[in-house]
Amino acid sequence: MKGMTSTSGTSGATGRWPIPAAWRWARAGELAAVVGGGTPRTGDPDNFAAEREGAVAWLTPADLAGHDSTYVTHGARHLTPRGLRASAARLLPAGSVVFSSRAPIGRCAIAAAPLCTSQGFRSFVLRTPEILPEYLHLYLLAATDYAHSLASGSTFKELSGSRAAEMWVPIAPTFEQARIVAKVQGARARCARAGALLDAVPARLERLRQAILADGLSGSASATWRAAHPDGAPAAGSPARFKDGRRGRPAGHTEASSASLVDEALPPSWTLAAVGEVARVQPGFPFKSAWYQGAGVRLLRGINVAPGRTRWDDAVYLAPGQAREHSQVELAAGDLVIAMDRPLIAEGLKVCRIGAEDLPCLLVQRVGRLIAGEAVLAEYLYIYLQSRRFIDHLSSRATGTQLPHVSADDIESAPLPVPPLAEQRVIAQVVAARLERLARATQLYAGLRGALAEVAQAVLVRAFRGELVAQDPADEPAGALLERLRLAGAAQADDADAADADQPRGRPGTGVMASTRRRSMPRTK
């Protein structure tokens, strides 16, 4: 690439990619002291304090979850002076760059004031003001995958202090660092504004989806068809005709619930029924966890039901021979299933249709299969199960705080507007076509969101290859500032060694450990 060279860092090894001639690669440990953190005994309340005078701000990786600001001043908890002394945490000066080193790796911010961290961080205390903390912060955001590649561990990956110190950092001249920071921050601000606009899209798409479902359930979606078929057969009489052999109405169904729908002026050919009068809920089988296998026939648990889809990232299995003994809960393509424990999540109601790709699978206890009777089509019933009307019904009946759940009676008591079968087919077709168009809009949104993330990452990539801003020949090359940093470090080490030589042997806080500590925690301006 024109104007780019593969240059050496101060340790003599080549960096990660070609950089401009005035830049240099350096190890993070050459630029900054890499400092770990610590946590005092959490069972001792005297180690922690609310934010107040004398308390020390303390960060955990969780404190940076969703943290979009460049700077951070404190986390959810503070340490008392006693808590700080009782832990391996060390007070970091303002301007330190904190970088989470586990659970997860890669959350990053700049300390806007002195603070300390848990052991889940490797923090970088810069050795010179000629390396801008904002520059290093942006580079670390771009280097998350690189940091992962240096991490180790079997249970979970962790970036050690020594490996963090080995990370390559491309150093631009100081004035160019400032230009890069300004350019990247401007681009990130524009991406953030675009992201804020996109953030409003999912709610609008969901409102549109609910409007489509509501049109189907009110008769609006089939009004044209109804006008063209004025002699169409009405739904079969009163709701009592839809009981499918049951006696009486399902528990929870009341005249008041029917009246609320009658007030909505359903078409004359429609009638009102409880779900349990036109369909029934079949609960799954209580398979014992001791029967679970690592392969075989999948068991559909509540965790495998998501709004509008199944998810098998956490699957358990039953041996094929044993599965054949439970054919009564064997699912088929097109079956409607609903999670009865924690049925409502942020994404929506956990109800979906089984597809051919889900088979074979068996229905587990606390998941229900809705079996439609002769008076209702499964496609139409699925429209209702996804609607705000049904969701509100279940929300009002869910019990339990730790694990909200609904019963088969709760589901079967929901009031359902029932059109004639021929009109149900039309409604299902119209709603499916509209939802297909909405799905394309949803895909477009997902593509835009992905493209925005790619743009933000591409800006960072170009920035640290020297391609984002122009190089100024008048800027002092980065090699000069790294040489000053090397000489300053050597002089500091000599001074520390001389000071140690003047101290009597055996005194606490002196000797080799003391000089090492002074070298690893330089004062910042």
Side-chain angles (χ1 to χ4, degrees), residues 28-29 31-39 42 51 56-79 87-126 131-153 155-169 181 184-185 187-189 191-192 195-196 199 449-450 452-461 463-464:
L31 309 173
V34 180
V35 182
T39 302
T42 56
E51 184 177 1
V56 180
W58 182 68
L59 288 181
T60 69
D63 291 319
L64 294 186
H67 185 83
D68 296 326
S69 174
T70 299
Y71 302 95
V72 63
T73 56
H74 61 81
R77 290 189 289 177
H78 289 65
L79 299 185
S87 74
R90 297 169 67 179
L91 191 62
L92 304 170
S96 300
V97 183
V98 297
F99 185 78
S100 65
S101 55
R102 65 182 185 187
I105 296 172
R107 291 176 179 169
C108 190
I110 300 173
L115 53 76
C116 58
T117 73
S118 71
Q119 62 272 32
F121 284 94
R122 302 300 169 202
S123 299
F124 299 87
V125 183
L126 289 163
I131 307 295
L132 304 183
E134 292 81 4
Y135 178 86
L136 180 59
H137 167 255
L138 291 173
Y139 174 70
L140 291 174
L141 288 178
T144 300
D145 290 344
Y146 175 42
H148 268 281
S149 72
L150 298 176
S152 60
T155 305
F156 56 83
K157 293 286 187 181
E158 180 172 10
L159 180 68
S160 68
S162 60
R163 298 309 299 272
E166 293 174 5
M167 292 179 68
W168 284 112
V169 181
V181 169
V184 173
Q185 288 182 342
R188 284 167 62 85
C191 286
D199 286 343
R449 176 61 79 181
L452 187 61
E454 290 176 3
V455 167
Q457 188 64 23
V459 169
L460 289 173
V461 169
F464 296 104

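Residues: numbered from 1 along the sequence shown. All heavy atoms count here, side chains included; hydrogens, waters and symmetry mates do not.
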Query raised in the report: Does the side chain of Leu115 reach to within under 4.5 Å of the side chain of Val98, using non-hydrogen atoms?
Result: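 Yes. Closest side-chain heavy atoms under 4.5 Å.
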
Who passes salt bridge (charged side-chain N to carboxylate O under 4.0 Å, His left out) against [X], sequence neighbours left out?
{"X": "Arg77", "result": "none"}
{"X": "Arg188", "result": "none"}
{"X": "Glu158", "result": "Arg102, Arg122"}

Could you tell me which non-hydrogen atom of [X] sits nearest to which non-hydrogen atom of [Y], and how far apart they are?
{"X": "Gly161", "Y": "Val34", "answer": "O-CG1, 3.8 Å"}
{"X": "Gly195", "Y": "Arg449", "answer": "O-NH2, 3.2 Å"}
{"X": "Cys108", "Y": "Val97", "answer": "SG-CG1, 3.7 Å"}
{"X": "Leu138", "Y": "Leu460", "answer": "O-CD2, 3.9 Å"}
{"X": "Leu159", "Y": "Ile105", "answer": "N-CD1, 4.2 Å"}
{"X": "Ala28", "Y": "Phe124", "answer": "CB-CE2, 3.8 Å"}

Query raised in the report: Partners of Ala456 by side chain to side chain contact (heavy atoms under 4.5 Å, CB included), sequence neighbours excluded?
Result: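 Side chain to side chain contact (heavy atoms under 4.5 Å, CB included) check on Ala456 returns Cys191.
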
**Report entry** Check: Ser100 side chain, Phe121 main-chain N or O, donor-acceptor pair, under 3.5 Å
**Finding:**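 Not confirmed, Ser100 side chain does not pair with Phe121 backbone.
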
Query - Partners meeting ring-ring contact (aromatic ring centres under 6.0 Å, His included) with His78 (sequence neighbours left out) - result: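 With neighbours one apart ignored, the set is His74.
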
Requested in this report: Would you please name every residue forming a ring-ring contact (aromatic ring centres under 6.0 Å, His included) with Tyr135, sequence neighbours left out?
Outcome: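 Testing Tyr135 for ring-ring contact (aromatic ring centres under 6.0 Å, His included), a comparison that skips the adjacent residues, returns Phe464.
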
Pairing residues for [X] by the side-chain hydrogen bond (donor to acceptor under 3.5 Å, both in side chains) criterion, not counting sequence neighbours:
{"X": "Gln185", "answer": "none"}
{"X": "Gln119", "answer": "Thr39"}
{"X": "Ser160", "answer": "Ser162"}

What donor-acceptor contacts under 3.5 angstrom involve side-chain atoms of residues 58-68, with partners at least two apart or in another chain?
{"unit_1": "Trp58", "atom_1": "NE1", "unit_2": "Gly38", "atom_2": "O", "d": "3.0"}
{"unit_1": "Trp58", "atom_1": "NE1", "unit_2": "Thr117", "atom_2": "O", "d": "3.4"}
{"unit_1": "Thr60", "atom_1": "OG1", "unit_2": "Ala62", "atom_2": "N", "d": "3.4"}
{"unit_1": "Thr60", "atom_1": "OG1", "unit_2": "Asp63", "atom_2": "OD2", "d": "3.3"}
{"unit_1": "Asp63", "atom_1": "OD1", "unit_2": "Ala76", "atom_2": "N", "d": "3.0"}
{"unit_1": "Asp63", "atom_1": "OD2", "unit_2": "Thr60", "atom_2": "N", "d": "2.9"}
{"unit_1": "His67", "atom_1": "NE2", "unit_2": "Ser69", "atom_2": "O", "d": "3.4"}
{"unit_1": "His67", "atom_1": "NE2", "unit_2": "Tyr71", "atom_2": "O", "d": "2.8"}

Nearest 0.5 Å please: distance from the [atom1] atom of [X] over to the [atom2] atom of [Y].
{"X": "Leu91", "Y": "Cys116", "atom1": "CG", "atom2": "SG", "value": "6.5 Å"}
{"X": "Ile110", "Y": "Phe99", "atom1": "CD1", "atom2": "CZ", "value": "13.5 Å"}
{"X": "Leu31", "Y": "Leu136", "atom1": "CG", "atom2": "CG", "value": "7.5 Å"}
{"X": "Ser101", "Y": "Arg107", "atom1": "OG", "atom2": "CZ", "value": "12.0 Å"}
{"X": "Leu150", "Y": "Trp168", "atom1": "CG", "atom2": "CH2", "value": "12.0 Å"}

Query raised in the report: Got a sec, which pairs hit salt bridge (charged side-chain N to carboxylate O under 4.0 Å, His left out) with one end in residues 133-149, sequence neighbours left out?
Result: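 Listed once each, the pairs would be none.
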
